[in-house]
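These numbers come from the heavy atoms of this one structure, side chains and all, not from hydrogens, waters or symmetry mates.
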Amino acid sequence: MTKEKRPFIHLFKVGSNTYLYDVNTDKILKIPEKVYESLHNEKFNDSATIEFLENLKKKGFLKTSRVQETEHPETPYLQSYLDSKVTSIVLQVTQNCNLRCDYCVYSGSYHNRVHSNKRMSFELAKKGIDFLAVHSADCEMLHIGFYGGEPLLEFELIKECMEYAAIRCKGKKIYYNLTTNGTLVTKEMIETFQKYDVHLMVSLDGPKKIHDASRKGSSNQGSYDRLIKNLEMVKNEVPEFFDKNIIFNTVLNPERGYSCVVDFITGNELLKNKQFLMSIITPINSKEKKELSEQFIVEERYEYFLMLLSKIGEFSTERLSPFGKMASIRFSEMRFQKNLKSSGELPQKHHHPGPCIPGSFRLFMNADGNFFPCERVCETTDYTNIGNIYDGIDIEKAKNILNVEKYTEKYCHECWAYNYCYMCIADIDSTYETLEAAVLSKCASIKQNIEESFKDYCVLRAYNITY
């Protein structure tokens, strides 16, 4: 049987149970072990197995169809999005920071970025806001973000931008946000942010010892004490703003443990009931690769296990850590058992769901006025630059990013994880010699994560929990 004639499926086990994921129908089926072994070994000598497979075929499963041509479904509409559906812009108000965090992309530990004294002028920021206003005719709500470095170094600029945007984009609801290390926060800033309903994501990595190990100033002094003092000030002076407009981001070092950070957050009265996002120090573009410690894996998986128990009612959702609650939300949002088409067959022309629409969803303008699809991408490579404030967005470059699958399509079209792949341009490590190599370097971990989600889903389905 040639490769092209093989059914497009993926086999996996959960304990003693055996499963088949059918890519064309996007469905997971529990199958007998004999059928599993026959499909795995491609030996079909048992009459009962052959009859079982024939019945599956009659029901529309085991098709051999693959995508033949890469094109993201939104490609024909990209120009329309960029003309009138640009929903947000993120302004890099400065490339400077008052801290020198070990893992920051600007810290010097990365190949693609370094801190500098470069800042955005108000005139340039106005042009960015003008661009958003002109290209958002079909949008009722707009998003404006402020990015650094540490954006609060340019508080007066941020204030001017919000004053200008309120006039320039009059009649539309504007959602403002920024990420900050929190060490420069003042009451005056909070009162201004409250006026404009600005949402802050504050970086807090855990208890003092852990936080200060990475988040420190140029003099090597930790930032924990200043941050906590400012948070307490906001909580005491403007409690409503603290409760509604501040969330936290915790960056975990995979070489260390996990539970000590969870214990700190859950046991701290100041942080009680606050939302925490969690990320792990990424090796993308980093000169220093960090490995997951066994302790980290065990403790992180235990938190995830508690989340799964909460899904079947065996553990209270209220008792989950903030990280567990976030994992619960993300797992609930993952789509399962939904056909791509009513025919239950992959389209001839398609693209995996990884990329968002570049330039429309989270347009990033750096301090020089250059455009990028978002603030997570590398700023020093040509393929991530999609234009500038003076010439606008280059539609061809935007198309290339939207159709990132083209770099590896011969592999993607044969990949069982196609329907769930989350690869986008921001995941590409610019240290690889080719884009193909950079993309392929991520494939194994993506497929592993997707299969683990499949397995968790199958366990929950056994308890009649579906999404």
Side-chain angles (χ1 to χ4, degrees), residues 90-107 115 119 144-159 161-162 175-253 261-262 264-279 281 322-323 326 375:
V90 180
L91 303 175
Q92 186 187 55
V93 293
T94 180
Q95 291 184 355
N96 202 356
C97 186
N98 62 318
L99 299 184
R100 292 296 183 268
C101 304
D102 288 347
Y103 52 73
C104 175
V105 293
Y106 293 96
S107 65
H115 282 298
R119 62 181 295 276
I144 299 178
F146 302 103
Y147 189 73
E150 169 51 51
L152 293 188
L153 286 171
E154 297 295 336
F155 170 67
E156 291 302 323
L157 172 59
I158 292 171
K159 185 177 177 181
C161 286
M162 293 189 295
Y175 176 96
Y176 297 101
N177 70 284
L178 62 86
T179 300
T180 174
N181 61 45
T183 61
L184 301 178
V185 170
T186 65
K187 186 179 179 182
E188 177 196 355
M189 291 180 183
I190 296 302
E191 288 173 346
T192 299
F193 293 153
Q194 187 174 36
K195 175 183 176 181
Y196 289 99
D197 195 27
V198 181
H199 292 256
L200 306 184
M201 180 181 289
V202 178
S203 300
L204 174 61
D205 288 352
K208 179 178 173 64
K209 183 178 180 180
I210 290 177
H211 183 91
D212 283 349
S214 298
R215 292 188 170 274
K216 48 202 173 187
S218 56
S219 61
N220 214 35
Q221 182 180 2
S223 61
Y224 177 87
D225 291 337
R226 283 178 289 166
L227 169 58
I228 295 299
K229 181 180 178 181
N230 289 341
L231 290 173
E232 290 173 342
M233 178 274 293
V234 178
K235 177 70 172 177
N236 293 330
E237 299 286 341
V238 200
E240 183 179 351
F241 183 88
F242 183 88
D243 292 340
K244 295 183 178 180
N245 289 63
I246 292 181
I247 64 173
F248 293 89
N249 178 55
T250 297
V251 180
L252 299 173
N253 187 329
V261 177
V262 172
F264 164 74
I265 293 171
T266 55
N268 191 301
E269 189 64 28
L270 180 67
L271 307 175
K272 187 177 181 180
N273 299 322
K274 296 302 294 180
Q275 180 182 347
F276 274 77
L277 304 182
M278 182 269 285
S279 58
I281 297 177
F323 299 154
M326 185 53 58
E375 72 278 13

So, do [X] and [Y] sit near enough that their side-chain heavy atoms are less than 4.5 Å apart?
X	Y	result
Tyr176	Ile158	no
Phe323	Ile265	yes
Tyr224	Leu204	yes
Val234	Asn230	no
Asn220	Arg100	no
Pro322	Thr250	no
Ser279	Asn249	yes
Gln92	Glu375	no

Q.
Just to verify, which of Leu178, Asn96, Leu184, Val93 counts as forming a side chain to side chain contact (heavy atoms under 4.5 Å, CB included) with Glu150?
A.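 Running side chain to side chain contact (heavy atoms under 4.5 Å, CB included) over Leu178, Asn96, Leu184, Val93 with Glu150 returns exactly one hit, Leu184.
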Atom pair [atom1] ([X]) and [atom2] ([Y]), whose distance is rounded to the nearest 0.5 Å:
X	Y	atom1	atom2	value
Asn98	Arg226	CG	CZ	6.0 Å
Asn245	Phe193	CG	CZ	10.5 Å
Glu269	Glu232	CD	CD	11.5 Å
Thr192	Met162	OG1	CE	6.5 Å
Ile246	Met201	CD1	CE	12.0 Å
Glu154	Arg119	CD	CZ	4.0 Å

Would the distance check show the side chain of [X] and the main-chain N or O of [Y] forming a donor-acceptor pair, the cut-off being under 3.5 Å?
X	Y	value
Lys235	Phe242	no
Asn268	Phe264	no
Asp205	Val251	yes
Ser214	Ile210	no

Q) Out of Arg215, Lys208, Lys216, which residue meets the salt bridge (charged side-chain N to carboxylate O under 4.0 Å, His left out) rule with Asp225? A)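 One option only clears the test, and that one is Lys208.
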For the student: nearest non-hydrogen atoms of [X] and [Y], plus distance:
X	Y	result
Ser223	His211	OG-NE2, 3.1 Å
Asn181	Cys97	ND2-SG, 3.8 Å
Pro151	Gly148	CD-N, 3.9 Å
Cys161	Leu91	SG-CD1, 4.3 Å
Ser203	Leu227	O-CD2, 3.4 Å
Gly182	Thr180	N-OG1, 2.9 Å

Q) When the aromatic ring centroids of Phe146 and Phe155 are compared, is their separation below 6.0 Å? A)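 Centroid separation for Phe146 and Phe155: 6.0 Å or greater.
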Q. Hey, mind stepping through Gln275 and Met326 against side-chain contact (heavy atoms from CB on, under 4.5 Å) and telling me if it holds?
A. CA-CA 8 Å; Gln275 180 182 347; Met326 185 53 58; 3.2 Å; yes
(Q) Among residues at least two apart in sequence or on other chains, which ones pass salt bridge (Lys or Arg N to Asp or Glu O under 4.0 Å) with Glu240? (A)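 Glu240 satisfies salt bridge (Lys or Arg N to Asp or Glu O under 4.0 Å) with Lys244 only.
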